[in-house]
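Below is one structure, written out as structure tokens; comments come after it.
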Amino acid sequence: MKLPIPTHNISNDEYHNTLTELSSSDLKKFYRKSGRHFEHDKLQRNIETPAMALGTAFHAMILEPDVFEESYVIQPEFKPTELDKEGKVKAKTKGWKNTTDYKDQLKNFRKANAGFSILTEKDNDMLKAMRVSFEAHPMYREYFGHAEGHNEATYVGDFKVRCDRICHVNGKNVIIDIKTTDDASPDAFKRKALGMDYDLSAALYMGVTETTEFIWAVQERDAPYSCCWYNVSDWLKESGNKKLNIALSNLREQELPMGGYMGYKAEGGIVDL
């Protein structure tokens with residue numbers, strides 16, 4: 001069994017903004033909501049939460065260290081520069097970040113580093129601690145160090161997927177999907193995986209790449225920065241395939257002849273529950 005070659009060698013931004021095929025995130029809209037919700041969300045500005053931004057930075061640090069170095073800059077701890085009446089530097093106060101002095105330094109720093117993603121020193125220290133924990137996991141060396149594989153690999157068929165890592169281990173092709181979270185314990189992550197339809201994503205990824213093995217590498221964002229690896233078991237594969245089939249069915253049923261999608265069936269009349 002040969003490791004599948006990525007169909008596209010593109011950046012994460014290009015993946016999201018230039019490829020027109022639907023992704024697993026798109027299909028989740030058809031599973032949970034409707035085609036109208038999918039169209040509405042596509043028109044909205046994608047606002048990245050602090051947790052999402054940290055996850056993106058961690059992915060780059062682990063999977064594309066060169067891109068991380070080229071894309072991120074560390075914001076220093078600004079110090080007061082204004083002088084008091086006696087000519088001494090004004091001491092920091094509880095409201096330091098609300099002062100004109102701080103805001104001017106921040107504005108100038110951002111202007112000087114336009115085009116870069118900015119991390120605070122605290123965020124950078126956190127990412128480094130997360131990386132140490134992630135790379136110390138017993139499975140890291142086997143799946144990242146020794147195995148033949150591709151990072152950030154894009155595959156396109158009827159749909160598009162971007163694998164964090166796909167590698168060849170023990171005669172099998174395996175997809176590794178990195179997740180950052182507040183709680184990597186088995187029960188908490190199982191609830192999150194089902195609630196956020198990670199199983200649907202896994203089903204699509206395995207289908208597009210013709211891969212049968214899928215692993216979540218889950219890294220906590222807080223000390224002691226625990227890292228847990230979870231195999232997508234048969235029952236999760238079954239759950240993901242059921243969700244995927246429902247999403248695909250809704251996609252076909254809600255597509256309108258002249259383009260676009262309809263919403264919930266109940267919007268057109270009364271539907272039995």
Side-chain angles (χ1 to χ4, degrees), residues 1-12 14-15 23-24 54-72 124-157 160-181 183-186 188-190 192-193 198-199 201-237 240:
M1 180 183 295
K2 293 183 179 180
L3 188 66
I5 299 174
T7 57
H8 291 67
N9 182 22
I10 57 178
S11 69
N12 191 52
E14 289 174 314
Y15 171 80
S23 67
S24 66
L54 190 69
T56 299
F58 185 68
H59 275 71
M61 177 179 277
I62 296 296
L63 301 169
E64 298 179 295
D66 292 342
V67 172
F68 180 83
E69 292 297 328
E70 294 169 359
S71 304
Y72 287 87
N124 190 46
D125 289 342
M126 181 189 303
L127 288 168
K128 288 180 178 179
M130 290 166 64
R131 180 177 62 186
V132 168
S133 174
F134 189 86
E135 294 180 350
H137 193 279
M139 295 295 101
Y140 175 82
R141 181 176 296 179
E142 180 176 0
Y143 287 89
F144 282 83
H146 299 316
E148 174 193 4
H150 307 293
N151 290 351
E152 296 289 19
T154 295
Y155 298 87
V156 178
K160 64 179 180 180
V161 299
R162 185 171 175 84
C163 302
D164 288 346
R165 180 165 176 78
I166 184 167
C167 54
H168 193 72
V169 178
N170 297 326
K172 297 179 180 180
N173 292 329
V174 185
I175 296 173
I176 309 295
D177 192 29
I178 298 175
K179 298 295 185 186
T180 56
T181 187
D183 189 345
S185 65
F189 186 72
K190 184 188 296 183
K192 187 169 186 177
Y198 292 164
D199 50 342
S201 295
L204 182 68
Y205 276 51
M206 286 186 282
V208 172
T209 61
E210 298 183 352
T211 302
T212 59
E213 302 295 322
F214 195 103
I215 293 172
W216 288 303
V218 188
Q219 176 61 54
E220 287 186 346
R221 292 184 287 256
D222 301 309
Y225 306 105
S226 294
C227 182
C228 301
W229 285 43
Y230 297 110
N231 183 55
V232 176
S233 57
D234 288 342
W235 77 268
L236 274 168
K237 291 177 183 177

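Every heavy atom of this structure was used, including side-chain atoms; hydrogens, water molecules and symmetry mates were not. What you see is a predicted model; the values in this text were computed from it and never measured. Each residue takes its place number in the sequence, starting with 1.
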Could you report the tightest heavy-atom contact between [X] and [Y], atom names first, then the distance?
X: T209; Y: P4; result: O-CG, 4.1 Å
X: A60; Y: Y72; result: CB-CE1, 4.3 Å
X: T180; Y: M130; result: CG2-CE, 3.8 Å
X: A202; Y: V232; result: CB-CG2, 4.5 Å
X: R165; Y: A147; result: NH2-O, 3.1 Å
X: F58; Y: Q219; result: CZ-CG, 3.8 Å

Using a 3.5 Å distance criterion without hydrogens, assess whether the side chain of [X] forms a donor-acceptor pair with backbone atoms of [Y].
X: H146; Y: E142; answer: no
X: N173; Y: T212; answer: no
X: N151; Y: L63; answer: yes
X: R221; Y: L54; answer: no
X: S133; Y: Y225; answer: yes
X: H59; Y: D164; answer: no
X: E220; Y: A184; answer: yes
X: S201; Y: S24; answer: no

| message | Within the supplied structure, the quantity of interest is the number of heavy atoms (other residues, nucleotides, ligands) at a distance under 6.0 Å from N9 CG; does it exceed 12? | response |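 Counting other residues, nucleotides and ligands, CG of N9 stays at 12 neighbours or fewer.
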
| For E210, does the CD atom have more than 12 heavy-atom neighbours from other residues, nucleotides or ligands under 6.0 Å away? |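 Atom CD in E210 is not packed in, count stays at 12 or less.
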
Rounded to the nearest 0.5 Å, what separates atom [atom1] in [X] from atom [atom2] in [Y]?
X: Y143; Y: H137; atom1: OH; atom2: NE2; value: 10.5 Å
X: Y155; Y: Y205; atom1: OH; atom2: OH; value: 11.5 Å
X: K172; Y: T211; atom1: NZ; atom2: OG1; value: 12.0 Å
X: H168; Y: K2; atom1: NE2; atom2: NZ; value: 11.0 Å
X: I215; Y: I178; atom1: CD1; atom2: CD1; value: 12.0 Å
X: E69; Y: M61; atom1: CD; atom2: CE; value: 8.0 Å

| note | The salt bridge (charged side-chain N to carboxylate O under 4.0 Å, His left out) partners of E152 (sequence neighbours excluded) come to R162

Is there a side-chain contact between [X] and [Y] (heavy atoms, below 4.5 Å)?
X: K192; Y: D183; result: no
X: F214; Y: L236; result: no
X: D234; Y: K237; result: yes

| field | Centroid-centroid under 6.0 Å between Y230 and Y198 rings | value | no

| message | For the residue pair K160 and Y15, would you count it as a cation-pi contact if the rule is NZ or CZ under 6.0 angstrom from the ring centre and within 45 degrees of the ring axis? | response | yes

| said: Over 60° means perpendicular and under 30° means parallel, so tell me whether F189 and W216 are parallel, tilted or perpendicular. | reply: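 Perpendicular, since the angle between the ring planes exceeds 60°.
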
